[in-house]
Amino acid sequence: MRVAFDPGPRDGVPRIWRLDEDGAPAAAPETLADLAAVAALEKHEAPRWVFARARSYRRLLASGIDVGRAHDAELVEGLLVAAAGHFGQPHGLAAAGARLQGRTPDPDPPAVDDGPPALFDTAAPADELADLVAVHAAQQRALATAGPGMRLLAAAESAGMLVAEEMTAAGLPWRADVHDRLLVELLGPRPVLGGRPPKLAALAEAVDGAFGRPVNPDSPAEVLRAFARAGHELATTRSWELKQVDHPAVAPLLAYKELARLHSAHGWAWLRSWVRDGRFRPEYVVGGVVSGRWASRGGGALQIPKAMRAAVRADPGWRLVVADAAQLEPRMLAALSGDHALAPGDEDLYTALAAREFGGDRGKAKLALISAMYGQTTGGAAVLLATLRRRFPAAMAFVEDAARAGEQGRLVRSHLGRTCPSARPGDEQPAAARARGRFTRNFVVQATAAEWALVLLAELRGQLRAAGSPARLVFFQHDEVLLHAPAEVADATAAAVHAAAAAAGRRLFGDIPVRFPMQARVVEGYDER
DNA sequence: CGAACAGGCGCC
DNA sequence: AAAGGGCGCCTGTTCG
């Protein structure tokens with residue numbers, strides 16, 4: 001059974017509508033006394049809940065209610081709109097309803113972005129339950145004809161929404177005291193009145209000294225002028241370019257840039273803004289990246305520097321289970337292309353490939369595969385690619401077909417059917433066409449990896465719920481998951497991750513020899529190997 | 001004055 | 001040695 005759910009406005013009442021699998025109403029709409037009634041329904045009937053958007057589930061979580069299965073109409077609409085070749089068209093509930101009635105949809109309302117999500121809530125229109133039911137029914141019709149891949153993708157995307165909201169609610173354990181200690185070690189004591197911390201100030205002074213005049217190291221233009229005066233004409237101030245310059249300012253400047261980045265992006269201001277009560281609670285945007293990867297809002301959640309990861313520590317008596325998929329994208333390529341010899345087992349793929357084809361040079365093997373998937377042609381990649389083309393013709397043909405499709409302005413799709421954005425006016429120009437070819441080449445692999453990860457999350461969440469496990473998913477980053485678990489169930493949680501990874505591979509590709517191993521480690525701190 | 005853009009770099 | 005896919009977010013700079 002399915003149940004459409006409308007939380008109603010803040011001070012209003014929640015409403016539900018029982019539906020058949022195809023989305024047709026199975027009864028009259030009902031008004032609930034309170035949100036607790038949702039919990040009772042979940043306990044006794046465990047329906048698939050049809051939500052208009054993530055915020056509907058956020059309202060439930062705020063009341064301590066979680067559910068097992070969902071259909072997120074906004075996310076599914078985005079998948080269907082893209083599949084129809086209209087990527088980027090409005091896909092919120094209002095837009096979907098308008099499209100259903102043959103009207104031109106208005107742009108989606110802007111995402112609310114004014115602080116941590118738990119602290120605000122934008123009231124939905126008074127009664128959108130009827131719209132939700134109509135849109136959902138239309139989506140079920142579309143999914144019925146779209147095929148099993150799209151149906152799995154719609155379910156996984158919706159499960160991703162559940163995971164994302166629950167992760168935000170749970171928060172990533174974050175020790176402010178450890179973070180502060182790391183900052184003091186790297187930057188010196190926190191400056192009381194703002195300004196540069198001692199070590200940054202010292203490095204800036206060293207840069208001034210090396211140039212013989214004040215130079216703002218934060219201003220690329222000033223730095224370029226200073227080097228030019230010293231006889232070094234640079235195109236940029238990127239660190240790799242600076243490293244090739246023989247000048248006494250280079251060393252302090254590079255050190256400054258590294259520490260300044262930490263200070264500005266993950267310094268004391270970040271800590272104050274984003275960590276409350278021992279938790280970092282970013283908001284995850286499911287499907288926020290064209291490839292289906294998640295984006296995040298607030299705190300740069302998907303760019304936590306390695307240098308700060310020691311601040312992520314389990315609560316006393318708890319552990320972190322840190323699991324990341326090994327060489328996920330080349331394994332996806334092996335599965336997608338049917339070139340299974342590319343990924344023969346569980347062992348490190350690059351090392352194995354290097355032993356067979358690249359004289360044991362793992363770096364070469366990695367560069368070759370990265371180049372194949374990203375479309376790199378320069379910097380010595382060409383000779384490596386020739387080796388790949390000879391040994392793995394099907395895999396290379398797969399990415400090259402995808403690149404050609406992009407160059408010709410055609411759409412490409414992931415394994416389950418996520419569709420890339422359409423070509424834009426101007427993309428037929430040679431340089432733009434090549435760029436689009438690189439994009440579509442990468443899209444097929446990255447988007448399929450993203451949906452594998454999505455199915456993994458859904459499987460893992462399902463396993464943990466079925467087992468009544470107290471372990472919680474607390475972080476997800478493309479091919480890596482973190483769980484927070486009581487020490488006594490940490491090993492079982494790691495085992496659940498392995499099982500979920502295997503299940504995700506089967507859900508996508510059936511019984512093939514390619515493996516998608518996840519290395520799971522049980523640690524107290526995220527920095528521990 | 002704020003908005004928009006560019007340069008740069010963190011992560012995958 | 002230094003280029004190719006996807007992001008978010010900081011600072012500096014320019015523009016209106």
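Just so you know, these numbers use all the heavy atoms, side chains as well, and skip hydrogens, waters and symmetry mates. Quantities reported herein were computed from a predicted structural model and do not represent experimental measurements.
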Residue A:E222 excluded, over 12 heavy atoms near CD under 6.0 Å: yes
Reported CE-to-CD distance for the pair A:M332 and A:Q446, which is rounded to 0.5 angstrom: 12.0 Å
A:R175 side, atom CZ; A:R181 side, atom CZ - distance, nearest 0.5 Å: 8.0 Å
Sugar-phosphate, base or nothing in reach of A:R293, heavy atoms under 4.0 Å: base
Heavy-atom neighbours of A:K257 NZ exceed 12 at 6.0 Å: yes
Flag if over 12 foreign heavy atoms under 6.0 Å of CG, A:D177: yes
Sugar-phosphate, base or nothing in reach of A:R434, heavy atoms under 4.0 Å: nothing
Contact under 4.0 Å: A:K366 side-chain N or O vs C:dG4 OP1/OP2: no
Verify stack between A:Y374 ring and C:dG5 base, 5.5 Å, 30 degrees: yes
Separation of atom CG in A:L234 from atom C1' in C:dA2, rounded to whole Å: 14 Å
Backbone N/O of A:A449 and side chain of A:E329: donor-acceptor pair under 3.5 Å: no
Touch class at under 4.0 angstrom, heavy-atom based, for A:Q477 against every strand present: sugar-phosphate
Residue A:H86 excluded, over 12 heavy atoms near NE2 under 6.0 Å: no
Aromatic plane relationship, A:W274 with A:F280 - under 30° parallel, 30 to 60° tilted, over 60° perpendicular: perpendicular
A:M396 CE - C:dG4 P separation (whole Å): 17 Å
Spacing between A:M308 atom CE and B:dC9 atom C1', to the nearest angstrom: 15 Å
Spacing of A:Y256 atom OH relative to B:dG7 atom P, expressed in whole Å: 19 Å
Phosphate contact (B:dG8 OP1 or OP2) by A:K257 side-chain N/O below 4.0 Å: no
From B:dG8, C:dA2, C:dG6, nucleotide with atom closest to A:T236 side chain: B:dG8
Nearest listed nucleotide, side chain of A:E480, among B:dC12, B:dG10, C:dG6: B:dC12
Sugar-phosphate, base or nothing in reach of A:L262, heavy atoms under 4.0 Å: nothing
Value in whole Å for how far the C1' atom of C:dG6 lies from CG of A:L328: 14 Å
Phosphate contact (B:dG8 OP1 or OP2) by A:T237 side-chain N/O below 4.0 Å: yes
Nearest to side-chain heavy atoms of A:L367, which nucleotide of B:dC12, C:dA3, B:dG8: C:dA3
For nucleotides 1-4 of chain B, print each protein N/O atom paired with a nucleotide N/O atom at under 3.5 Å, atom names and distance only.
none

Residue pair A:D72 / A:Y57, side-chain donor-acceptor N/O under 3.5 Å: no
Protein-nucleotide distance (A:H478, atom NE2; B:dG10, atom P), rounded to Å: 16 Å
Interatomic distance, A:K243 NZ vs C:dA2 C1' [rounded to whole Å]: 10 Å
B/S/- contact track for nucleotides 7-16 of chain C, protein heavy atom under 4.0 Å: SBSSSSS---
Spacing of A:W240 atom CH2 relative to C:dG4 atom C1', expressed in whole Å: 13 Å
Crowding at CZ, A:R507 (>12 non-hydrogen neighbours, <6.0 Å): no
